[in-house]
Amino acid sequence: MVSQSERNRVVLGITGSIAAYKSAEYARLLVSRGFEVRVVMTESAQEFISPTTFQAITGKPVVTTFWEEANPAVIGHIEIADWADVVVVAPATADFLAKVRMGAAETPLLALILATKAPIVIAPAMNTNMLEHARTQENLKVIAESGVTIVEPEEGALACGWKGSGRMASPWEIFHHTVRAIGDGDYVNKRVLVVTGPTREPIDPVRFLSNRSSGKMGMAMATEAFRRGAEVAVIHGPIRALLPAKISRQEVFTAQQMYDAVVEKVFGEGSEAFDYIVMAAAVADFRPKQPSELKIKRSEQPKSLALVENPDILAELGKRRGEETRPVLVGFAVETGEIEALLEAAGDKLRRKKADIIVGNFAEDAFDLDTNRVWIIDRHGKREEVATTFKTRVANKILDAMKKQ
Ligand code: CTP
């Protein structure tokens, strides 16, 4: 079987829309991540951006017609259709969608869409009214039902002067879907809940107790689970949640709100059955007992701050799960000091909170950084060290371990 890392050939189709300028950025993103990219452009696409741009970015000739084969021994659009590990059309116009639905083959891009066995990802871009038109919606529905991934357009100001839906998704958004389409899909049909970020415990209306958590580890877990095919929901503290648009998200501030949101999502009415729950949040253990309704003045200098304990979300999940094996529960232990103490604390939290996995890490390796160094400990006594690497890689190691539970 060809592994995901060996599937790195992207055919990028570009049709005639002003959004084509964003395709250059997307192509660059792919190349910078080690993907091989071959570009196929329609005639009208070339009115918006030159093939030379893509040739320079990808280092490969751009296909623009049926009739100028660099190598007469091959039929270009068939060769490229077979070469592709994934075909991405971004931007895709309303006209292009209609023709894909029909099965037309009048341009090299349409022909290769028919000829390829690779997964197809389409990112539409058009005027709001054209997008909302019943015919376009029907075309999108039929195309999606045939197994093609549609990267939904975003809301915003459009080149035509209208405001609304129709703007092509961002290069990052299309990238997430590309990786998901090309990937092993080992989390397909799995539901994952990730809880991440710090909490804020109010002292008065302008002050709070919090911590240095950036939420990056949790966001990496959510994004990588999405890329591996999962349906993902995120509950997060006050952070900027940079996540694929298809991931549902809910923002909370205090530990109590986080607890309520998790309990509601997992056990509440109409709750969703999660296969995995990842508690990556840095939940404040204590909160001020009596937050002041008014700002505390310097002249009122409080002598001390009375605190009360917050509920333990992970322990509650462990308790309520009882003897069941699902959902798999994953927690983190951020510690300071020596490795032995870290491992002991992680093992202790695993047992105390009845989790399946605890990921131990040091505060100085983790906080606010894009990298991390972790020890993954599971309830069967297995322990794996992941040396310092990007949080996306760490997330994938944790996802590998989660699957074994
Ligand atoms: N956690 C939680 N609810 C809390 C506190 C922690 O769900 N109120 C979760 C965290 O998200 C993490 C794990 O429990 O996954 C361990 O968090 P940590 O703060 O290290 O655990 P504590 O039990 O608070 O231990 P410590 O004494 O080290 O603070």
Side-chain angles (χ1 to χ4, degrees), residues 192-202 208-222 225 233-239 250-267 274 276-289 307-321 327-367 372-379 391 394-395 397-399 401-402 405:
V192 180
L193 173 63
V194 178
V195 189
T196 192
T199 63
R200 280 183 187 171
E201 310 301 325
F208 52 78
L209 295 178
S210 191
N211 56 65
R212 287 175 52 203
S213 166
S214 62
K216 282 183 182 169
M217 193 61 237
M219 284 192 283
M221 290 295 303
V234 170
I235 294 172
H236 64 84
I239 50 164
Q250 183 181 352
E251 184 173 40
V252 294
F253 291 91
T254 65
Q256 186 64 50
Q257 286 170 358
M258 190 175 268
Y259 175 91
D260 292 343
V262 171
V263 167
E264 178 62 28
K265 205 156 188 70
V266 181
F267 307 105
F274 288 99
Y276 302 93
I277 301 179
V278 180
M279 275 303 305
V283 190
D285 289 329
F286 301 96
R287 65 175 183 272
K289 189 173 178 194
L307 301 173
V308 289
E309 208 174 339
N310 274 326
D312 189 320
I313 305 168
L314 184 58
E316 180 68 19
L317 291 170
K319 195 171 99 192
R320 290 213 198 187
R321 184 179 64 167
V328 168
L329 299 176
V330 182
F332 280 73
V334 181
E335 308 292 335
T336 51
E338 301 297 326
I339 290 179
E340 291 70 32
L342 165 84
L343 295 175
E344 204 180 305
D348 175 54
K349 283 171 195 180
L350 186 89
R351 285 181 290 277
R352 200 155 35 88
K353 304 190 187 216
K354 299 193 165 45
D356 299 290
I357 292 178
I358 291 283
V359 182
N361 53 179
F362 287 115
E364 71 261 31
D365 290 335
F367 277 131
N372 201 356
R373 169 196 187 199
V374 306
W375 285 261
I376 304 170
I377 297 164
D378 76 9
R379 69 192 159 92
K391 283 182 174 168
V394 175
K397 289 281 188 196
I398 300 169
L399 287 163
M402 281 159 57
Q405 300 303 307

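Note: hydrogens, waters and symmetry copies are ignored here, and every other heavy atom, side chains too, is used. Sequence positions, counted from 1, serve as the residue numbers for this chain. Both ligands and their constituent atoms are indexed starting at 1 by order of listing.
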Out of [options], indicate the one that has the non-hydrogen atom closest to [atom].
atom: atom 21 (O) of ligand 1; options: Gln256, Met258, Arg352, Lys353; value: Lys353
atom: atom 28 (O) of ligand 1; options: Glu335, Glu316, Glu309, Lys349; value: Lys349
atom: atom 9 (C) of ligand 1; options: Leu329, Thr196, Leu314, Thr336; value: Leu314

Side-chain contact test, heavy atoms from C-beta onward, threshold under 4.5 Å: evaluate it for [X] versus [Y] and give yes or no.
X: Met221; Y: Val359; answer: no
X: Phe274; Y: Leu317; answer: no
X: Thr254; Y: Arg287; answer: no

Ligand-side contact atoms (ligand 1) for residue partner [X], heavy atom cut-off under 4.0 Å:
X: Pro311; result: 3 (N), 4 (C), 8 (N)
X: Met279; result: 7 (O), 11 (O), 12 (C), 15 (O)
X: Ala281; result: 10 (C), 11 (O)
X: Gly331; result: 15 (O)

Check for a donor-acceptor pair, side chain of [X] on one end and backbone N or O of [Y] on the other, with a separation under 3.5 Å.
X: Arg321; Y: Lys354; result: yes
X: Lys353; Y: Ile313; result: no
X: Ser210; Y: Arg200; result: no

For ligand 1, which part of Asp285 has a heavy atom less than 4.0 Å away: the side chain, the backbone, both, or neither?
-> side chain

Side chain, backbone, both or neither: Ala255 near ligand 1, heavy atoms under 4.0 Å = neither

Looking only at distance, does Val283 have an N or O less than 3.5 Å from an N or O of ligand 1?
-> no

When rounded to the nearest 0.5 angstrom, what is the spacing between [atom1] in [X] and [atom2] in [Y]?
X: Asn361; Y: Trp375; atom1: CG; atom2: CH2; answer: 8.5 Å
X: Asp378; Y: Ile358; atom1: CG; atom2: CD1; answer: 11.0 Å
X: Glu201; Y: Gln257; atom1: CD; atom2: CD; answer: 8.5 Å

Shortest protein contact, atom 16 (C) of ligand 1 (heavy atom only) = Phe332 O, 2.9 Å

Provide, to 0.1 Å, the distance between atom 3 (N) of ligand 1 and the closest protein heavy atom, together with that atom's residue and name.
-> Ile313 N, 3.0 Å

Hey, is atom 23 (O) of ligand 1 under 4.0 Å from any protein heavy atom?
-> yes

